[in-house]
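Everything below concerns the one structure shown next.
Any value given below was found using the heavy atoms of this structure, including those in side chains, with hydrogens, waters and symmetry copies removed.
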Amino acid sequence: MRSSGPNHNRIEDKTKLLLKFNYVSSFLSLVLGLFCVFLFEIKGTISFVFFFYPVMNLLNVGAFAKHHNLTAMAIYTTLLSWVSTLAITLSSGGINSPFIFILAIIVLAGYIATRFFGDIYMYAILLTIIAIFFINYYYSDFIENEVPQESREMFGLASILFAVYLMGWIFGKDLMNAHYKLYKSKEEIERRIDEKENLLREVHHRVKNNLQTVSSLLSLQAKNTKNEQIKNVVNSSQTRVMSMAMIHEMLYMRNNLSKIQFKSYINELTEYLVSSIKEKEIDITINVDIPDVQLGIDTAIPLGLLINETLTNSIKYAFEDNSKGQIDIVLRKEKNTDSYSLQICDNGIGFSQDIDFKSADSLGIKLIHNLARQLKGSAKRISTPKGTKYEILFQDINKTKKHRSDFRSHFA
């Protein structure tokens, strides 16, 4: 079964380019061979190579039709061109031969196979040119110019035209076509990305609207019940829903649709919580010490819910009526890791150290533990002389997923 996709298209393009090079260079070599014999009166090695090259090159093309090995054909073509050009150069003046420029084209042909082979050929051609120079300089008797004096200018013109035509018609034209395809492909990719971003932005907008609708319904439900316990439960659920709605609103409003500017989110969340919980007359100051970090949505949502639970507990239970209170939220990134440390501390009345934080029956505390585990971390209470202090260790879920994906792709 024939493979499909970008890799197949790339191999197909390289095959077409190499076959085009083989056909055109063989035809031009045959024409130059005829010119050498009938116009330039050049005989010997130069004429023989010009006729020998197309025969061997076409045999290479015929072999490729059977084995379909592009790398083998490219290596054969490059080596044949290399040896043929070297023989003609040494027989037409060495370092002064106009045909020496064909060696540069061989480097380009070498890159058709792979970049690795192209690099090898480039250094090999450089060494070849240096070797030709030293042969000319120290062993000038070894260099025999078979081109008659009266034909050297015409042979030089034919050699330059040969090189320019190969360079322009084969590689120059292909380079322009590749550039045009790349430009069109880039335009198409950018258009599709814009479409997907607009669609994703609309999804976040609708999710935010739906969550706000749910929050409004919960608010109406709380107002229509006289049972204080049910009202508290419904109000707690409302703040949880709004903490998620805020994230989708920020994603909708910002340019980055996958990352949350966490400090801005926490500032908005704390303002909402302080204003929404009006059961007590408390003057609360919230200090947010969070660096400018961006967290993925898979991290921001559970972390926002976790902060919502701890702040709600502090606002409701840590402070007495008509009192002043302070809540500190501090986020730090652990050194040389992808882990974060979040500390939430209040200076309220606290609760008894005899209560087992991990086994408490409170729904809010259970949520804190479950959300911390969801973030590949843990939550614990730290003993303080006054108030309550939580420390949550967690990881950015999006980075963890990316590292796993990179690890798998590396060993795939």
Side-chain angles (χ1 to χ4, degrees), residues 18 20-61 73-113 117-172:
L18 185 56
K20 185 179 179 181
F21 173 81
N22 285 340
Y23 290 136
V24 174
S25 62
S26 297
F27 173 76
L28 293 178
S29 179
L30 181 61
V31 171
L32 270 179
L34 293 173
F35 280 7
C36 288
V37 172
F38 297 104
L39 293 179
F40 306 148
E41 297 182 356
I42 303 174
K43 298 179 182 179
T45 303
I46 296 177
S47 299
F48 173 78
V49 172
F50 276 132
F51 290 120
F52 174 79
Y53 176 82
V55 173
M56 299 304 295
N57 212 3
L58 293 177
L59 288 175
N60 179 31
V61 173
M73 180 174 68
I75 293 173
Y76 183 95
T77 298
T78 308
L79 290 176
L80 177 63
S81 303
W82 186 4
V83 173
S84 301
T85 303
L86 180 60
I88 295 173
T89 300
L90 291 174
S91 301
S92 57
I95 198 67
N96 299 312
S97 172
F99 207 76
I100 197 171
F101 294 104
I102 305 299
L103 289 172
I105 301 176
I106 296 174
V107 176
L108 296 177
Y111 278 108
I112 296 177
F117 285 115
D119 290 342
I120 291 177
Y121 290 137
M122 181 180 68
Y123 292 113
I125 294 300
L126 290 175
L127 292 175
T128 300
I129 294 173
I130 294 172
I132 293 173
F133 170 80
F134 279 106
I135 291 174
N136 261 86
Y137 192 82
Y138 292 105
Y139 305 98
S140 56
D141 295 338
F142 180 79
I143 303 296
E144 180 181 355
N145 196 337
E146 296 180 355
V147 183
Q149 186 67 40
E150 61 275 11
S151 300
R152 289 180 183 177
E153 290 185 358
M154 293 300 296
F155 178 77
L157 175 62
S159 298
I160 296 298
L161 291 176
F162 180 83
V164 170
Y165 190 81
L166 276 181
M167 183 75 75
W169 179 255
I170 304 299
F171 297 104

Counting only heavy atoms not in F51, do more than 12 sit closer than 6.0 Å to its CZ atom?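 It does: F51 CZ has more than 12 such atoms within range.
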Any chance CE of M122 has more than 12 other-residue heavy atoms, nucleotides or ligands included, within less than 6.0 Å? yes
Any side-chain donor paired with an acceptor under 3.5 Å for N145 and S91?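 Result is no, nothing qualifies.
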Answer yes or no: is there a side-chain heavy-atom contact under 4.5 Å between [X] and [Y]?
{"X": "I102", "Y": "I105", "result": "yes"}
{"X": "F27", "Y": "P54", "result": "no"}
{"X": "Y23", "Y": "L58", "result": "yes"}
{"X": "F40", "Y": "P148", "result": "no"}
{"X": "F50", "Y": "L30", "result": "no"}
{"X": "S81", "Y": "F21", "result": "yes"}
{"X": "L103", "Y": "Y121", "result": "no"}
{"X": "L86", "Y": "I132", "result": "yes"}

Taking [Y]'s backbone N and O only, do any of them form a donor-acceptor pair with [X]'s side chain (distance below 3.5 Å, no angle check)?
{"X": "S92", "Y": "S97", "result": "no"}
{"X": "S151", "Y": "V147", "result": "no"}
{"X": "T77", "Y": "A74", "result": "no"}
{"X": "N57", "Y": "S26", "result": "no"}

Roughly how far, to the nearest 0.5 Å, is [atom2] of [Y] from [atom1] of [X]?
{"X": "F134", "Y": "I95", "atom1": "CZ", "atom2": "CD1", "answer": "10.5 Å"}
{"X": "L166", "Y": "L28", "atom1": "CG", "atom2": "CG", "answer": "5.5 Å"}
{"X": "T128", "Y": "I135", "atom1": "OG1", "atom2": "CD1", "answer": "9.5 Å"}

Give the table of side-chain donor-acceptor pairs shorter than 3.5 Å for residues 41-49, with sequence neighbours excluded, one pair per line with atom names and distance.
| residue | atom | partner | partner atom | Å |
| --- | --- | --- | --- | --- |
| T45 | OG1 | E146 | OE2 | 3.2 |
| S47 | OG | I42 | O | 2.4 |

Ring-ring centroid check F162 F99, cutoff 6.0 Å: yes
